[in-house]
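Some notes on the structure that comes next.
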There are 2 protein chains.
Amino acid sequence: MSTRREAVRQALTESSGFRSAQDLYADLRADGSKIGLTTVYRALQALSDSGEVDVLRTDDGEAVYRACDTESHHHHLVCRTCSTAVEIEGPTVERWAAEVGAKHGFTGVTHTVEVFGTCGTCSRRLAQQGSAQQV
Amino acid sequence: MSTRREAVRQALTESSGFRSAQDLYADLRADGSKIGLTTVYRALQALSDSGEVDVLRTDDGEAVYRACDTESHHHHLVCRTCSTAVEIEGPTVERWAAEVGAKHGFTGVTHTVEVFGTCGTCSRRLAQQGSAQQV
DNA sequence: CCAGTTTTGACAATCATTTTCGTTTTCGTG
DNA sequence: CACGAAAACGAAAATGATTGTCAAAACTGG
Ligand SMILES: [Zn+2]
Ligand SMILES: [Zn+2]
Ligand SMILES: [Zn+2]
Ligand SMILES: [Zn+2]
């Protein structure tokens, strides 16, 4: 793997949440790297093709990436405020999706599942700020 | 509701699958309408804001819309080949998502779930073509 | 028919992502 | 080490969906 690609993977690993190509490019340049935006896109493309990083789309269509601990099939619980993500897996949703597909005569059934919310840390901070403003 | 918006809703209703703004614009123009692309985008925006149509993002980030039978919370089983979608709902995933969020201390938990596959019709057609080519 | 409001659509502007293409690095081999 | 092919880079241009602008058109109540 090239040095550049390794740098992108490293930058991604330093975050616990999902980051966009533009985010990572900004991070790397801020750290003094002379990497180009094109290379960041290419590295992310390669990393997601090889399954080393997960990709998902934000509500406004931007692609965001995450270097997860496991490469096996899993989903994410993502904080709407700080974007931190927790990897989740379990047979319940897997079985459910397969059954739903089969029941309707579909073959080659796959699924996309993401759970969103406000993490404990952010929940507490928001509650704090909310009550402070109510004076 | 304006005539234009109604036309967009109508065009969307005539399809059982998800369509993009550009698709609908092409359909409407093909039918002789003089509607503008901007108006199609505005109509879809309004329709999705009011919850009358569902939106989701394709793998390449394009927004696609569907006029579903119900306005209550549900998910979709989408054919990867012909894009036909079946509305699905059930307590299993709903409960699972809520539990997963709660277990990790998240509040305001929501989720996005889509199931993909090849519908029965498309499966049969593909199988047919596959065996024909094997001569 | 009239003034005011809403809707429309041609066109320009945005912005993430992809292409292009010439330059730089890397690498195998003599 | 030297040399040429192949892979990786990056700046700049191109793409394509979506949004913003603004003047014209359609609609409203009176
Ligand atoms: Zn958080
Ligand atoms: Zn799964
Ligand atoms: Zn189908
Ligand atoms: Zn649900």
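Here the structure is a predicted model, which is why all the values come from computation and not from measurement.
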What is the ring orientation for His75(B) with Trp96(A), classed by angle as parallel under 30°, tilted 30 to 60°, or perpendicular over 60°? perpendicular
Can a side chain N or O of Thr39(A) be found less than 4.0 Å away from OP1 or OP2 on dG10(D)? yes
Please state whether the phosphate of dG10(D), meaning OP1 or OP2, lies under 4.0 angstrom from any side-chain nitrogen or oxygen of Arg4(A). yes
Side chains of Glu89(B) and His73(B): does their closest heavy-atom pair fall under 4.5 Å? no
Under 6.0 Å from the CG atom of Asp60(B), do we count more than 12 heavy atoms belonging to anything else shown? yes
Near DNA chain C, counting only heavy atoms under 4.0 Å, which residues of residues 26-36 of chain B show up? Lys34(B), Ile35(B), Gly36(B)
Give the cluster check for Val64(A) versus Val78(A): same hydrophobic cluster or not, with ILVMFWY residues linked at side-chain heavy-atom distances below 4.5 Å. yes
Who passes ring pair (Phe, Tyr, Trp, His ring centres under 6.0 Å) against Phe18(B), sequence neighbours left out? His76(B)
Can you hop from Val55(A) to Val115(A) via hydrophobic side chains spaced under 4.5 Å? no
Taking side chain as C-beta onward, heavy atoms only, is Asp54(A) less than 4.5 Å from His74(A)? yes
Phosphate-side-chain proximity, Thr3(B) and dT7(C), N/O vs OP1/OP2 below 4.0 Å: no
Rounded distance in Å - CG (Asp60(A)) to P (dT18(D)): 11 Å
Could you write nucleotides 14-25 of chain C as a row of B, S and -, 5' to 3', where a protein heavy atom under 4.0 Å of any base atom gives B, of only sugar-phosphate atoms gives S, and otherwise -? --SBBB------
Rounded interatomic separation in angstrom, taking OH from Tyr25(A) and C1' from dA12(D): 12 Å
Does the distance from a Lys or Arg side-chain N to an Asp or Glu carboxylate O, for Arg57(B) and Glu62(B), drop under 4.0 Å? no
